[in-house]
Amino acid sequence: MKDLESLRGFQLEQILNEDPLAHSLTLLGKVRIKLADNDEPARYVSAILRVEKTALPASVASTVLAEQLSNVQLLDSTDIYSWMLGWFKTSSEHPDVKINVICPATDVHIRKYTKQTITMVQETPEIYATVVKPYIDAFPPSRTQWVLDILSGKSEADKILYRSPTPEHGFVLLPDMKWDLMTTSSLYLVAIALTNSVRSLRDLRKTHLPMLRSIREEASRVVSEKWPGIGRGSLRFYVHYQPSYYHFHVHIVNANLCGQMGSTVGQAHLLDDIIALLELDSDDGLSILERMTMTYGVGDQHGLYGPLTRAQS
């Protein structure tokens, strides 16, 4: 699904999520596509569409009222206050929505993007060893093939902002798919480690400090050079646990970006805090991140929800 015609062929089946804070709808439906370059006919497959209204960039401040509004409707007014609805003209420079597509979408994708009820759980080292690690180990390599394609340059090569080639401590830096690539106030980048030996926070060791520090330093440098208005103190670096995919990566967002579900306590761990913990760790024995109990929120559609809630004392 890469053009208007294919989007118009989308057949809605279910609204997975409605997020008024993000001004978005996540939709599940069917779309008819040809999956292989052979004689097999096109068939209907599941697809997920996330439609999100784009942010208003500061660059339109001088023209948004005088030139871009096509109509307004007064809702109410009292004393010094008025409320109106407004409609913009069509503009090729300022799109109205950003559309993310997952096609074909698997049951795992559908559960992930479905609105969920969060339950806080405690994951002891024992629960990690007996419940979480077997869950992670069971994923086939194909689940993260798209990550390997990015790392190898097979896909999204033109979006790479920085590459550190060291096998054990290297990473690539690129825009996250959630960013519209234009609005710096909602800037969202991701740094993905080259090594596949680190799948989550639990796998980090003191020996990974050079990689973590390099991500922090190089991402800050690249952003300040490419977007001069965003200084070094204007970025928030964090790591998810549980992550959405099990190949180590760091989220890098504008520090003033609010309302992101993934940046909440109970999922996001600040990179600076992770570095500080590992700096205090001993050189021998189990890592502090192996020994500590993790407390976090897990959604009722997550594959770990049942096993983790049953494992709580």
Side-chain angles (χ1 to χ4, degrees), residues 16-17 19 22 26 48 50 102 105-148 171 176-178 188 190-193 195-205 208 211-212 215 236-253 260-275 277-278 286-313:
L16 297 180
N17 196 6
D19 189 340
T26 305
I48 293 173
R50 185 176 186 273
I102 301 175
T106 66
D107 288 342
V108 174
H109 292 123
I110 295 170
R111 289 198 300 271
K112 174 183 174 181
Y113 286 94
T114 298
K115 185 175 179 61
Q116 303 187 45
T117 298
I118 304 297
T119 298
M120 300 302 293
V121 297
Q122 288 189 319
E123 179 192 292
T124 64
E126 293 74 22
I127 290 177
Y128 172 75
T130 59
V131 175
V132 177
K133 189 174 184 300
Y135 171 81
I136 298 173
D137 291 340
F139 282 117
S142 60
R143 281 290 297 276
T144 51
Q145 183 59 48
W146 66 273
V147 177
L148 301 181
F171 61 93
D176 190 277
M177 66 178 292
K178 291 183 283 295
Y188 200 138
V190 62
I192 306 176
T195 179
N196 59 8
S197 63
V198 182
R199 295 179 295 183
S200 75
L201 276 181
R202 290 284 193 186
D203 295 322
L204 287 174
R205 308 288 182 266
H208 294 116
M211 175 182 70
L212 301 178
I215 289 174
R236 181 185 292 119
F237 296 76
Y238 58 87
V239 178
H240 284 157
Y241 193 80
Q242 296 289 328
S244 57
Y245 56 94
Y246 292 98
H247 186 112
F248 185 72
H249 56 285
V250 178
H251 300 262
I252 304 159
V253 304
Q260 289 284 326
M261 181 62 185
S263 62
T264 57
V265 173
Q267 184 181 17
H269 299 256
L270 288 173
L271 179 62
D272 286 331
D273 290 345
I274 296 169
I275 290 173
L277 277 174
L278 291 173
L286 295 177
S287 162
I288 190 170
L289 294 172
E290 289 180 281
R291 304 193 309 269
M292 69 186 295
T293 292
M294 301 276 195
T295 300
Y296 54 87
V298 60
D300 59 2
Q301 296 294 318
H302 197 287
L304 282 169
Y305 179 80
L308 282 175
T309 53
R310 288 192 295 270
Q312 303 303 297
S313 56

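Nothing fancy with the numbering, it's 1 onward along the sequence.
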Residues at least two apart in sequence or cross-chain that pass ring-ring contact (aromatic ring centres under 6.0 Å, His included) with F171, listed by chain then number, are Y162

**Prompt:** So, T26 side chain and L16 main chain: donor-acceptor pair closer than 3.5 Å or not?
**Reply:** no

T130 meets the side chain to side chain contact (heavy atoms under 4.5 Å, CB included) criterion, sequence neighbours left out, with none

Quiz item: Okay, side chain of Q312, backbone of Q122: is any donor-acceptor separation there less than 3.5 Å?
Solution: yes

Could you check whether the rings of Y135 and H302 sit parallel, tilted or perpendicular, using 30° and 60° as the cut-offs?
tilted

Y305 meets the ring-ring contact (aromatic ring centres under 6.0 Å, His included) criterion, sequence neighbours left out, with none

Practice item. Step through it carefully: locate the ring centre of H247, locate the ring centre of H249, and say whether they are under 6.0 Å apart. Key: no

Paired with F248, the side-chain contact (heavy atoms from CB on, under 4.5 Å) test is passed by just one of M211, H208, R199, namely M211

Taking every heavy atom of A22 against every heavy atom of R50, the minimum-distance pair comes out as CB-NH2, 3.8 Å

The ring-ring contact (aromatic ring centres under 6.0 Å, His included) partners of Y128 (sequence neighbours excluded) come to none

The ring-ring contact (aromatic ring centres under 6.0 Å, His included) partners of Y246 (sequence neighbours excluded) come to F139

Please check: side-chain N/O of Q267 versus main-chain N/O of T264, any donor-acceptor pairing under 3.5 Å?
no

Residue pairs meeting side-chain hydrogen bond (donor to acceptor under 3.5 Å, both in side chains), one or both in residues 109-118, sequence neighbours left out, come to T106-H109

d(I274 CD1, I288 CD1) to nearest 0.5 Å is 12.0 Å

